[in-house]
Amino acid sequence: MTNTAISESLFREAKELIPGGVNSPVRAFKSVGLPPRIISSGKGARVTDADGNVFIDFVCSWGPLILGHAHPEVLAAISATMRHGTSFGAPTRLEIEMARTLTEMVDSIEMVRLVNSGTEATMSAIRLARGFTGRDLVVKFAGCYHGHNDGLLARAGSGAATFAIPDSMGVPARVVEQTVVFPFNDLEALDQFMEGQADRVAAVIVEPVAGNMGVVPPKAGFLEGLRSLCTRHGAVLIFDEVITGFRVAPGGAQELYGIKPDLTCLGKIIGGGLPLAAFGGARSIMEHLAPVGGVYQAGTLSGNPLAVSAGLTTLQILRRDNPYADLERKSSALAEGLRAICTEKGIPHTVHRVGSMLSLFFNPGPVTSYEDVMRSDREAFSRFFGKMLEQGIYLAPSAFEAWFVGAAHGDEEIAATLEAVRRSL
Ligand SMILES: *Cc1c(COP(=O)(O)O)cnc(C)c1O
């Protein structure tokens, strides 16, 4: 048994001071029924907890750390930038360089605005889409997460289109009435709805590869279908690439699948481990933002120099080193290994992988929607999670979060992980 005395005592203290002891709910390990580890440090593919236990980390700060923890070049960039001051609330060269890099890397982005979190990016993109179209309704898909904005905290009832009900207390029903939820990967229902209500739909927002209900890839034709429906009915197609951006390809899922959205939301990797996010797209839409246009959007710390230098350095390293083929190879080895071990042990499973994001569902599949995802064996995942943690593998503490492989995971880490999987299962 690994020692957890210090983590447990610190977590008791945290719970007295912070609701649930955490600053974001899933960190509390509630769904796996264990006390969370208090993390003291990270280096490369590994994190160390307060008791000195070392783990191979597949959470990677929930996606941002594609280069691993404490990457020396990223740390050096932050340190060099901070000597000149930490925030000005005025334009800087770094922001311009970041904006140029984003327009070069992400095909559909002609102009971009920086914000501080993915939640802010989707909130602002939706306001912009509404301002641009003069319409109110927003279409989203069940199981897609777009941050904790009131209007997006809604999923579908079963089956057909449902006007959404809030997922959280404190969200007015009036607010989510403007959100319509459809099943992921189901074009038919949306097609019919758009025929009838198209002149009311401002935007369709989607995770092009769903990453917040485990990894669920788009079926062939799904993203193409969304593109043509939006074009036909004058709605703004928003790709929420907060996870997939710079992850599944340098230019995100839109590069991988060859689909051009009108607006793109970026987060996570873009900040290299500091708080940074962005939304961008066609000039003709982006110029509706204040101070050019009438859609208000602002932020005291937006474009913060430290966050921009960490993010920019991360993107520059990704462009320079082009680790994507290597990520593909390692992630594929991990996914194949998971499948082989489950098959060998007769465990019903579905392993999904797109690039370096993957997930293991204890579910015979197919898994193409939120409903399918919910049929997975969560009890089995909790037991699996606990056994993996005991063996020094830090997975996301939920059956429905992605595993992230990064440049810092070597063949040795993949092999050690599969060995732990074999013992755990
Ligand atoms: C994480 C995430 C968000 C929210 O980003 P925050 O920085 O946590 O606000 C939005 N969309 C997707 C797809 C995400 O994975």
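Computed from heavy atoms alone, side chains included, the values below leave out hydrogens, waters and symmetry copies. Just follow the structure's listing: the first ligand is 1, and inside any ligand the first atom is 1. One is the number of the first residue; the rest follow in order along the sequence.
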Atom pairs and distances, side-chain donor-acceptor, residues 13-20, under 3.5 Å, sequence neighbours left out:
none

Contact residues of ligand 1 with a heavy-atom cut-off of under 4.0 Å? S117, G118, T119, Y145, H146, G147, E207, N212, D240, V242, I243, K268
Partner set under salt bridge (charged side-chain N to carboxylate O under 4.0 Å, His left out) for E224, not counting sequence neighbours: none
Nearest 0.5 Å, please: how far is CD in Q391 from CD1 in I56? 10.5 Å
Are F141 and F222 close enough that their ring centers fall under 6.0 Å? yes
Quick test of your reading: applying salt bridge (Lys or Arg N to Asp or Glu O under 4.0 Å), list the pairs with at least one residue in residues 236-250, sequence neighbours left out, ordered by first then second residue. none
Gap separating the CD atom of E110 from the OG1 atom of T103, nearest 0.5 angstrom: 9.5 Å
